[in-house]
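In what follows, a structure is listed as structure tokens, so that the remarks can point back to it.
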Amino acid sequence: MPIDPPADAPTAIADPLLSWFDVHGRHDLPWQHPRTPYRVWVAEIMLQQTQVTTVIDYFNAFMARFPDVYALAEAASDEVMGYWAGLGYYARARNLHAAARELVATHDGVFPRDVETLMTLPGIGRSTAGAVVAQAFGVWAPILDGNAKRVIARLAAVTATPGTAAYEQPLWALAARYTSTHRVTDYTQAIMDLGATLCTRRAPACSACPLEDRCQARRKRITADIPARRKKKARPQRAVTVLVIEDEVGHLLLEKRPPSGIWGGLWSLPEIAADADIEAACRERFGLDVVPDVPMTPIEHGFTHFLLTIHAWRVRSLAATRIMDGHAEWFARDALPGVPAPIARLVDTPQHDLNL
DNA sequence: AAGCCGGGGGT
DNA sequence: ACCCCAGGCTT
């Protein structure tokens, strides 16, 4: 696969990019003021596969509750997960919490200043480690997030398919080559900003781009073809049944999901196989005698790799509060822990939306 | 090397 | 309806 990097690359890329950044870059993101290692780290984890506009409110709420690495390390897992509910990729929250405890336990709460050590912490890969040291410490390190990938792939006309080694490997080499040896904090922010605001996936604003005359994709008129399209795969359809079980005082039975898999570590409505018998399942899992009440309108939810139809049944619990395993608890409706977004919608469904 | 993990937003 | 997004982990 041909790679065609611009000639005299390092400063020929960094200098015009930095000049553009001074005028058009994003200088008011919450994690930039103050720009502490802890805040940069949390922001970078939240921003993995998640857009800036989505992250901002979560970031501010998270910082208000967990203002430093010690507050995070000391917090209970459920509370951390609760602050993550709705953001997705919940392994990020579990890893963030584990890393905070590791930082306190083995690094005395002080962030390592080098990429290799940071990468030993759970949830921090090469790109996130690079972003943290560059943004928090001004230490030279390449980053390669989705924005930088697209910018560099177009600059050097890398036409390989994303996700393959033919794409990722040259991009890392080029990312290191272009990364400025001065103002590295601004450079890493600049290349992300360029990708996010000008060099967008569709309809890039090439005429406003400070690198237009260096861009090999532009020169070859193949900008729209980079990055190459991934081959689409069919998403299988699955179905589950969840139970809205209320006791006599209106409390809701929730179950903590296993740490890995869909919605890992989050509290959710008890889930049973789509074809399972509701009464038998409740007797076996919770020791509860129940009466299935009414089915609710099914919810369709799309995941990256499959489509899920969620059938929900409202269930009355006859006997009181037996729970046979340690993964289920009763919660008052006004004191629910964080639950996945589709489940939150189900739980909030008013009575008149029942599918009678 | 490829699959898994999610919710939100843009077009 | 489809695509992508401040990726990392697992197999």
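Here is the naming used below: chain letters follow the sequence lines, and residue numbers restart at 1 for every chain.
- Taking the C1' atom of each, C:dC5 and B:dC5 are spaced 14 Å apart, rounded to whole Å.
- Among the protein residues, A:Gly302 comes within range of no part of the nucleic acid, since none of its heavy atoms lies under 4.0 Å from any strand.
- Comparing the C1' positions of B:dG8 and C:dC9 gives an interatomic distance of 23 Å, to the nearest angstrom.
- Separating the P atom of C:dC3 from that of B:dG3 is a span of 16 Å, rounded to the nearest Å.
- OP1 or OP2 of C:dC4 lies within a sub-4.0 Å distance of a side-chain N or O belonging to A:Arg229.
- Between the P atom of B:dC4 and the CD1 atom of A:Ile262 lies a distance of 10 Å, rounded to the nearest Å.
- Atom CG in A:Asp193 sits about 15 Å away from atom P in C:dC5, given to the nearest Å.
- Counting heavy atoms from C-beta outward, A:Val133 and A:Arg113 have side chains that stay 4.5 Å or more apart.
- A:His305 has a side-chain polar atom (N or O) that falls below the 4.0 Å cut-off from OP1 or OP2 of B:dC5.
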Passes salt bridge (charged side-chain N to carboxylate O under 4.0 Å, His left out), A:Arg183 versus A:Asp22? Steps please.
-> CA-CA 11 Å; A:Arg183 295 187 63 187; A:Asp22 289 336; 2.6 Å; yes

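- Distance from the side chain of A:Thr128 is smallest to C:dG8 among C:dG8, C:dA6, B:dG7.
- Rounding to whole angstrom units, CG of residue A:Leu87 and C1' of B:dG6 are separated by 10 Å.
- The 5' end of DNA chain C is approached more closely, in terms of each residue's nearest nucleotide, by A:Arg26 than by the other of A:Met119 and A:Arg26.
- The 5' end of DNA chain C is approached more closely, in terms of each residue's nearest nucleotide, by A:Arg202 than by the other of A:Arg202 and A:Gly146.
- Minimum heavy-atom separation, A:Cys282 to A:Ile245: SG-CD1, 3.9 Å.
- Here the side chain of A:Phe306 is nearest to one of B:dC5, B:dG8, C:dA6, namely B:dC5.
- In this model, no side-chain donor or acceptor of A:Ser127 finds a partner on the base of C:dG7 within 3.5 Å.
- Positionally, the nearest nucleotide of DNA chain B for A:Ala165 lies more toward the 5' end than for the other of A:Thr50 and A:Ala165.
- Put simply, A:Gln49 has a side-chain N or O that comes within less than 4.0 Å of OP1 or OP2 on C:dG7.
- Heavy atoms of A:Gln135 sit nowhere under 4.0 angstrom from any nucleic acid atom.
- Rounded to whole Å, the distance from CG on A:Asn95 to P on B:dG6 is 12 Å.
- Using a 4.0 Å heavy-atom cutoff across all strands shown, A:Leu29 reaches at least one base atom of the nucleic acid.
- Between A:Thr54 and the phosphate of B:dG9, there is no side-chain N or O to OP1/OP2 separation shorter than 4.0 Å.
- Taking the side chain as every heavy atom from C-beta outward, A:Ile262 and A:Arg257 approach each other to under 4.5 Å.
- Closest non-hydrogen pair, A:Leu47 versus A:Trp31, comes out as CD1-CZ2, 3.7 Å.
- Contact between the side-chain N/O atoms of A:Arg92 and the OP1/OP2 oxygens of B:dG6 is not found at any separation under 4.0 Å.
- Between A:Glu168 atom CD and C:dG8 atom P the separation is 11 Å, expressed in whole Å.
- Judged by distance alone, with hydrogens and angles left aside, the side-chain atoms of A:Arg314 form no donor-acceptor pair with the main-chain N or O of A:Met296 at under 3.5 Å.
- Atom OH of A:Tyr58 and atom C1' of B:dG9 are 14 Å apart (whole Å).
- If you measure from atom CG of A:Leu308 to atom C1' of B:dG7, you get 14 Å, rounded to the nearest angstrom.
- OP1 and OP2 of C:dA6 both lie 4.0 Å or more from every side-chain N or O belonging to A:Trp31.
- Taking atom P on both nucleotides, C:dT11 is separated from B:dG6 by 15 Å, rounded to a whole Å.
- Counting only distance, with no hydrogens or angles, the side chain of A:Trp41 and the backbone of A:Ile45 share no donor-acceptor pair below 3.5 Å.
- Here A:Tyr89 does not reach the OP1 or OP2 of B:dC4: none of its side-chain N or O atoms lies under 4.0 Å away.
- Look at CZ on A:Phe303: it is 18 Å from P on C:dC2, rounded to the nearest Å.
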